[in-house]
Novice: 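Would you mind keeping the following structure in view while I ask a few things?
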Amino acid sequence: MKRKTGQDRSITSQWRPATQAVRGGTARSEYGETSEALFLTSGYCYDRAGDAAARFAGEQEGMTYSRLQNPTVEMLEQRIALLEGAEACRTMASGMAAMTAVLLCQLQAGDHLVGGRAAFGSCRWLTDTLLPKFGIATTVVDARDPQAFLDAVRPETKVFFFETPANPTMDVADLQAICDIARERGITTVVDNAFATPALQRPMDFGADVTAYSATKMMDGQGRVLAGAVCGTEDFITNTLLPFTRNTGPTLSAFNAWVVLKGLETLDLRIHRQSESALKVATFLEGRVPRVLCPALPSHPQHELAMRQMKAGGSIFALELDGGREQAHGLLDALALIDISNNIGDSRSLMTHPASTTHAGVAEDKRIEMGIGEGMLRLNVGLEDADDLIDDLDQALRVVGL
């Protein structure tokens with residue numbers, strides 16, 4: 001590959017996803033390094049004062065300040081955009097920085113947002129608490145029902161915002177139907193695609209305008225760094241999102257960008273292996289616990305829709321126990337191999353109790369409305385041998401009488 005090949009979209013767009021994940025966006029320096037270079041610098045120098053003026057005026061290409069541009073970060077942004085099938089991408093310091101920026105950059109007092117009811121706890125805080133503080137009205141609906149979005153539309157509705165699959169209930173939203181409703185009415189659709197990643201699902205293929213990510217999850221995939229990303233058209237990223245991020249500064253560090261670049265190299269391998277293991281583990285659990293919520297299982301109420309939209313069911317699913325928090329905590333405490341952790345997307349298997357961790361900040365009545373009971377557990381299946389995970393769950397289940 002030549003020095004600039006990785007940034008030539010006329011070439012890289014023809015590559016298949018696994019190749020894009022390894023080589024897309026790469027720009028080699030004059031030294032010809034094989035691995036992407038890590039540029040640890042806060043600022044940049046100019047040969048002449050006129051060059052500085054020209055760059056700040058947008059008349060000359062080049063870097064000005066690492067709050068705005070960094071060569072390592074730029075490589076990551078190009079790679080994610082390529083994988084997503086988007087014109088452009090901006091990365092940020094965390095997934096929640098991305099979610100906050102993608103909403104605040106396009107909403108103002110008097111606007112209205114329709115959001116999916118089942119969502120990550122902090123995303124619900126954005127829709128339920130933060131946006132109303134700025135005079136932005138929000139309506140939360142069951143994202144499994146496209147008609148609910150249509151029924152909630154007002155003249156001032158500007159954005160639909162939802163996850164699919166949703167965290168942690170694994171609700172699946174009909175991307176095509178919801179995006180069609182939005183597009184016919186000039187509403188921007190923002191989809192949180194963190195559970196699936198572009199390796200399993202590309203919302204823009206179904207009409208979504210914007211996708212947002214916690215790249216902390218499967219993109220890094222090894223529990224090392226925080227990162228977020230927003231993908232969209234060049235116009236949206238440059239003229240709507242960038243003015244917000246330029247002046248508020250949710251900047252991704254070059255080191256974290258470099259780590260995520262390395263993670264993306266194995267994304268395709270990891271997510272398919274973890275999806276296979278997750279299905280095997282979920283199948284085992286289905287015969288032992290009252291309910292398993294896994295899109296890859298035929299028993300999932302939206303299994304057919306999930307399989308139409310996704311290449312595989314993903315590495316994350318939920319299960320429900322009848323014994324409430326006491327039994328759920330008991331099972332967690334009995335695990336010997338699987339870690340108790342609120343994170344997801346890791347190469348290590350992790351399990352958590354959403355009602356007391358990720359969604360503890362959501363009011364109890366809203367948790368119940370979302371379908372998050374005291375007996376729910378969320379499992380991130382990692383890269384361990386699936387049979388070892390099953391053995392660990394088997395002995396833990398016996399400890400709690402299952």
Novice: So how far is it from T245 OG1 to M92 CE, rounded to the nearest 0.5 Å?
Specialist: 5.5 Å

Novice: Test S13 against R9 for side chain to side chain donor-acceptor pair (under 3.5 Å), laying out the working first.
Specialist: CA-CA 5 Å; S13 63; R9 286 292 287 266; 5.7 Å; no

Novice: Out of curiosity, S214 OG to N343 CG, how far, rounded to the nearest 0.5 Å?
Specialist: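 One gets 7.5 Å once the value is rounded to the nearest 0.5 Å.
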
Novice: Looking only at non-hydrogen atoms, find the nearest pair between M75 and A37 and report the distance.
Specialist: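 Smallest heavy-atom distance, with atoms named: CE-O, 3.7 Å.
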
Novice: Does R348 pair with D339 as a salt bridge, N-O distance under 4.0 Å?
Specialist: no

Novice: Specify the closest pair of heavy atoms between E36 and R79, including all atoms of both residues, with the distance to one decimal.
Specialist: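 What the structure gives for the nearest pair is OE2-NH2, 2.7 Å.
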
Novice: Do V210 and C231 make a side-chain contact, defined as non-hydrogen atoms from C-beta onward lying under 4.5 Å apart?
Specialist: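 Heavy-atom side-chain distance check fails, nothing below 4.5 Å.
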
Novice: Are R291 and S299 linked by a side-chain donor-acceptor pair shorter than 3.5 Å?
Specialist: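 Looking only at side-chain atoms, S299 and R291 do not form any donor-acceptor pair under 3.5 Å.
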
Novice: Would you say E374 and R367 make side-chain contact, with heavy atoms under 4.5 Å?
Specialist: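 Of all side-chain heavy-atom pairs linking R367 with E374, at least one is under 4.5 Å.
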
Novice: Taking C-beta and beyond as the side chain, do T189 and F162 meet within less than 4.5 Å on heavy atoms?
Specialist: yes

Novice: Using the side-chain hydrogen bond (donor to acceptor under 3.5 Å, both in side chains) rule, pick out the option among T352, N342, T357, N167 that qualifies with R378.
Specialist: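 Of the listed options, the one satisfying the test is N167.
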
Novice: Locate the shortest heavy-atom distance separating T197 from Y213; write the atom from each residue and the value.
Specialist: CA-CE2, 3.8 Å

Novice: Given 3.5 Å as the limit, does a donor-acceptor pair link the side chain of Q201 with the main chain of A196, or not?
Specialist: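 Such a contact is absent between Q201 side chain and A196 backbone.
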
Novice: Let me confirm one number: the CZ-OG1 distance from F236 to T240, rounded to the nearest 0.5 Å.
Specialist: 5.5 Å

Novice: When you measure from the side chain of H303 to the backbone N and O of P295, does any donor-acceptor pair fall under 3.5 Å?
Specialist: yes

Novice: Going by the ring-ring contact (aromatic ring centres under 6.0 Å, His included) test, which pairs reach into residues 54-97, not counting sequence neighbours?
Specialist: none

Novice: Is it true that a side-chain atom of D392 and a backbone atom of A336 form a donor plus acceptor pair closer than 3.5 Å?
Specialist: yes

Novice: Got a second to check how far D388's CG is from L393's CG, nearest 0.5 Å?
Specialist: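 Taking CG in D388 and CG in L393, the distance rounds to 11.0 Å.
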
Novice: Working note: L261 + E265, criterion side-chain contact (heavy atoms from CB on, under 4.5 Å); need CA distance, chi angles, decisive distance, verdict.
Specialist: CA-CA 7 Å; L261 277 166; E265 292 179 359; 5.9 Å; no

Novice: Just do the side-chain contact (heavy atoms from CB on, under 4.5 Å) check on H359 and R124 with the steps written out, would you?
Specialist: CA-CA 9 Å; H359 291 71; R124 279 299 302 262; 5.7 Å; no

Novice: Relative to each other, are the rings of H329 and H353 parallel, tilted or perpendicular (30° and 60° limits)?
Specialist: perpendicular

Novice: Please check if atom CD in E304 has more than 12 non-hydrogen atoms from other residues, nucleotides or ligands closer than 6.0 Å.
Specialist: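 No, not enclosed.
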
Novice: More than 12 non-hydrogen atoms from neighbouring residues, nucleotides or ligands closer than 6.0 Å to CD on E59, yes or no?
Specialist: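 Above 12, so yes.
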
Novice: Does the pair D333 and I340 meet the rule for a side-chain contact (heavy atoms from CB on, under 4.5 Å), with working shown?
Specialist: CA-CA 8 Å; D333 291 344; I340 304 172; 4.0 Å; yes

Novice: Distance check, rounded to the nearest 0.5 Å: T169 atom OG1 versus E320 atom CD?
Specialist: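 T169 OG1 to E320 CD: 9.5 Å, rounded to 0.5 Å.
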
Novice: Is there a donor-acceptor pair under 3.5 Å between the side chain of E163 and the backbone N or O of F120?
Specialist: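 Yes, the answer is positive, given that a donor and an acceptor are paired below the 3.5 Å cut-off.
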
Novice: Please check if the side chain of N380 supplies one atom and the backbone of G345 the other of a donor-acceptor pair under 3.5 Å.
Specialist: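 Yes, because the side chain of N380 sits within donor-acceptor range (under 3.5 Å) of the backbone of G345.
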
Novice: Hey, does M96 have a side-chain heavy atom less than 4.5 Å from the side chain of C123?
Specialist: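 The answer is yes; the side chains approach within 4.5 Å.
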
Novice: Could you check if a side-chain atom of I338 sits within less than 4.5 angstrom of a side-chain atom of L379, using non-hydrogen atoms only?
Specialist: yes

Novice: Give, for atom CG of L76 and atom CH2 of W258, the distance between the pair rounded to the nearest 0.5 Å.
Specialist: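 CH2 of W258 is found 12.5 Å from CG of L76.
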
Novice: Please report the closest heavy-atom contact between M63 and P71, naming both atoms and the distance.
Specialist: CE-N, 3.9 Å

Novice: Can you list the steps and then say if E77 with I237 is a side-chain contact (heavy atoms from CB on, under 4.5 Å)?
Specialist: CA-CA 11 Å; E77 290 171 343; I237 297 298; over 6 Å; no

Novice: Let me see the working for E87 and T233 under side chain to side chain donor-acceptor pair (under 3.5 Å), right down to the final yes or no.
Specialist: CA-CA 5 Å; E87 291 179 4; T233 63; 4.8 Å; no

Novice: Under a 4.5 Å cut-off applied to non-hydrogen side-chain atoms, are R288 and D394 in contact?
Specialist: yes

Novice: Give a yes or no on this: more than 12 heavy atoms of other residues, nucleotides or ligands lie within 6.0 Å of atom CD of Q147.
Specialist: yes

Novice: Can you list, pair by pair, the side-chain donor-acceptor contacts under 3.5 Å of residues 309-318, counting residues two or more places apart and other chains?
Specialist:
from, atom 1, to, atom 2, distance (Å)
Q309, OE1, L175, N, 2.8
Q309, NE2, A173, O, 3.1

Novice: Does a sphere of radius 6.0 Å around CG in D365 hold more than 12 heavy atoms from other residues, nucleotides or ligands, not counting ones at 6.0 Å or beyond?
Specialist: yes

Novice: Is there side-chain contact between P198 and M219, with heavy atoms separated by less than 4.5 Å?
Specialist: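 Result yes, sub-4.5 Å side-chain heavy-atom pair found.
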
Novice: What are the two closest heavy atoms between P203 and V191, and how far apart are they?
Specialist: CG-CG1, 3.9 Å

Novice: Looking only at heavy atoms, what is the nearest atom pair of G116 and A143, with distance?
Specialist: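 Heavy atoms of G116 and A143 come nearest at CA-CB, 4.1 Å.
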
Novice: Does Q69 CD have over 12 foreign heavy atoms under 6.0 Å away?
Specialist: yes

Novice: I'd like to know if the side chain of S94 and the backbone of G228 have a donor-acceptor N/O pair within less than 3.5 Å.
Specialist: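 No, S94 side chain to G228 backbone: no donor-acceptor pair under 3.5 Å.
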
Novice: Answer yes if the side chains of D391 and Q395 hold a donor-acceptor pair under 3.5 Å, and no otherwise.
Specialist: no

Novice: Is the backbone of L83 close enough, under 3.5 Å, to the side chain of R202 for a donor and an acceptor to pair up by distance?
Specialist: yes

Novice: Check whether any side-chain heavy atom of M351 lies under 4.5 Å from a side-chain heavy atom of L331, and answer yes or no.
Specialist: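 A side-chain contact under 4.5 Å exists here.
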
Novice: Hey, is CZ on R23 packed in by over 12 heavy atoms from elsewhere, all under 6.0 Å?
Specialist: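 Incorrect, the count does not exceed 12.
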
Novice: Test salt bridge (Lys or Arg N to Asp or Glu O under 4.0 Å) on D51 and R55 and set out the steps.
Specialist: CA-CA 6 Å; D51 291 336; R55 289 191 197 177; 5.8 Å; no

